[in-house]
2 protein chains.
Amino acid sequence: MTESAHDTSITVAEKAAHKRVRALGVDLGAMDAVANIFRAANSIRNKAERDLLARHGLSFTGFTVLWVLWVWGPQESHQLAQESSVSKSTLTGIVKTLHTLKLVERKAHPSDGRRLIIAPTQKTLHLMEELFPRFNQLEKEVTSGLTKKEKSGLIKKLRTILHALEG
Amino acid sequence: MTESAHDTSITVAEKAAHKRVRALGVDLGAMDAVANIFRAANSIRNKAERDLLARHGLSFTGFTVLWVLWVWGPQESHQLAQESSVSKSTLTGIVKTLHTLKLVERKAHPSDGRRLIIAPTQKTLHLMEELFPRFNQLEKEVTSGLTKKEKSGLIKKLRTILHALEG
DNA sequence: TTGATTTCATTAGGCTCCGAACGATATCAT
DNA sequence: ATGATATCGTTCGGAGCCTAATGAAATCAA
């Protein structure tokens, strides 16, 4: 066994990092786990934007917001921001962009003049019905090296990390 | 068994998403895996920026660039960009910021006038020796719900995903 | 050698992204 | 009732982030 297309042993970058921090009493497992989460997220994000989203004028975050609206239906602004993992001020800008694309509507809250309801449009629903299966196809491809059981294990471990972050 | 602090069963957000896409023949495992990678990456990034990096005037990407320079030493610009997962033009801006913080130097390539060598400074080395152990402490905390073996499994699965993205 | 091509980093333009400051609305105390 | 407080979304200022266009330097052709 030397090198193969499905080699999952330590990379040269990881080796160099280990050498650097060896004297500092560092948790290498925690380090590599976090580093690889970022590498994976970056790569998938870039691929999705390039191959799928750019042609619709959508950023990854814009797509995420649309996804949340598609799944949950109309949302109050602050809920939508939280569920999409962006700040309120970022959401203001994203919603502005999506509004010019006619992909969201802003509606007044019936009883509270401060609040704003963001709602998907018919165009959003059509777009997501076309776009989401393609996005899922990409998700399938990037996880194609894992069995169903391995995917479950991955999901569970990531949830554990998210729980630690909430606590 | 109802709810507990370490519950890793399906979340309400995941349930809502499953309901929405049920009719579309979607791979739910792939979907949840990718979604949780993004949730984890976003949360860790935000926490690191807020709790650790902001007080030094560093963005997460700026920290990543410093980390690469710390691990690998002086790098040519395009190598540094690739290893840090940003475009060359983004790196130009990041380096500019780091330069005003006196955390990098730009050096001319000895034989090729087009190329640029980016090098860490003494200040960088001191900073990283102080900052990195704290960053690793954060990494330890967010992965504290996982055993050493589980972390290895997580790392291996993420590498598998990265291999699929390179292919 | 000089003109064409290639390969670097930077600039230009336009979103994304954040925290802080801001105005508007609602609520709470008295 | 009315002033203090809290809670909304937006704006502001500044950095990050991308692709495409640009400019500088090296290489290749003939």
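Below, chains carry the letters A, B, ... as their sequence lines are ordered, and counting in each starts from 1.
The pair A:D27-B:K148 does not meet the salt-bridge criterion, since no charged nitrogen lies less than 4.0 angstrom from a carboxylate oxygen. A salt bridge does not link B:R159 with B:E166: every distance from a Lys NZ or Arg NE/NH1/NH2 to an Asp or Glu carboxylate oxygen is 4.0 Å or more.
Dashed line: the shortest gap from a side-chain N or O of B:S87 to OP1 or OP2 of D:dC17 is not under 4.0 Å. For A:T90 and C:dT16, the shortest distance from a side-chain N or O to OP1 or OP2 is not below 4.0 Å. The phosphate of C:dA9 (OP1 or OP2) has no side-chain N or O of B:T92 nearer than 4.0 angstrom. Residue B:T61 has a polar side-chain atom (N or O) positioned under 4.0 Å from OP1 or OP2 of D:dC17. For the pair B:R114 and D:dT22, the criterion of a side-chain N or O lying under 4.0 Å from OP1 or OP2 is not met. In terms of phosphate contacts, B:R55 brings no side-chain nitrogen or oxygen within less than 4.0 Å of OP1 or OP2 of C:dG19.
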Exercise for review: Go through the steps for A:M31 and A:H18 under the test side chain to side chain contact (heavy atoms under 4.5 Å, CB included), then give the verdict.
Suggested key: CA-CA 9 Å; A:M31 183 177 90; A:H18 290 191; 3.6 Å; yes
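Atom-to-atom, CZ of A:R115 to P of D:dA6 comes out at 17 Å; the value is rounded to the nearest Å. At whole-Å resolution of the value, NE2 in B:H99 and P in D:dG16 are 15 Å apart. What separates CG of B:L80 from P of C:dC8 is a distance of 15 Å, to the nearest Å. Distance, B:R45 CZ to D:dA15 C1': 12 Å, rounded to whole Å. Counting to the nearest Å, the P atom of C:dC18 and the CG atom of B:L58 are 18 Å from each other. Distance CD (B:E49) to P (D:dA15): 14 Å, rounded to an integer number of Å. Taking atom NZ of A:K96 as the reference point, atom P of D:dT10 lies 10 Å away to the nearest angstrom. To the nearest angstrom, P of D:dC17 lies 10 Å from CG of A:N46.
The 5' end of DNA chain D is approached more closely, in terms of each residue's nearest nucleotide, by B:G93 than by the other of B:G93 and A:R50.
Of the candidates D:dG16, C:dT16, C:dT10, the closest approach to any side-chain atom of B:K88 belongs to C:dT10.
In this structure, OG1 in B:T11 is found 7.0 Å from CG in B:N36, a value given to the nearest 0.5 Å. If you take CD1 on B:I155 and NZ on A:K157, they are separated by 10.0 Å, rounding to the nearest 0.5 Å.
As judged by a 4.0 angstrom heavy-atom cut-off over every strand, B:T97 is placed among residues touching the sugar-phosphate backbone only. Residue B:L91 is out of contact with every strand shown, counting any heavy-atom pair closer than 4.0 Å. Backbone-only contact: A:H78 has heavy atoms under 4.0 Å from sugar-phosphate atoms and none from a base. Heavy atoms of A:S111 sit under 4.0 angstrom from primed sugar atoms or phosphate atoms, though from no base atom.
Applying the 6.0 Å contact sphere to CD of A:E83 captures more than 12 heavy atoms from other residues, nucleotides or ligands.
When the C1' atoms of four end pairs are superposed on the next four at each end of the helix from C:dT1-D:dA30 to C:dT30-D:dA1, using five pairs per end, the two resulting axes differ in direction by 10°, to 10°.
Screening B:I94, B:L52, B:L127 for a side chain to side chain contact (heavy atoms under 4.5 Å, CB included) with B:L58, the sole residue that qualifies is B:L127.
A:A41 and B:F38 get closest at one heavy-atom pair: O-CE2, 3.3 Å.
Between the side chain of A:S89 and the base of C:dG19 there is at least one donor-acceptor pair of N/O atoms closer than 3.5 Å.
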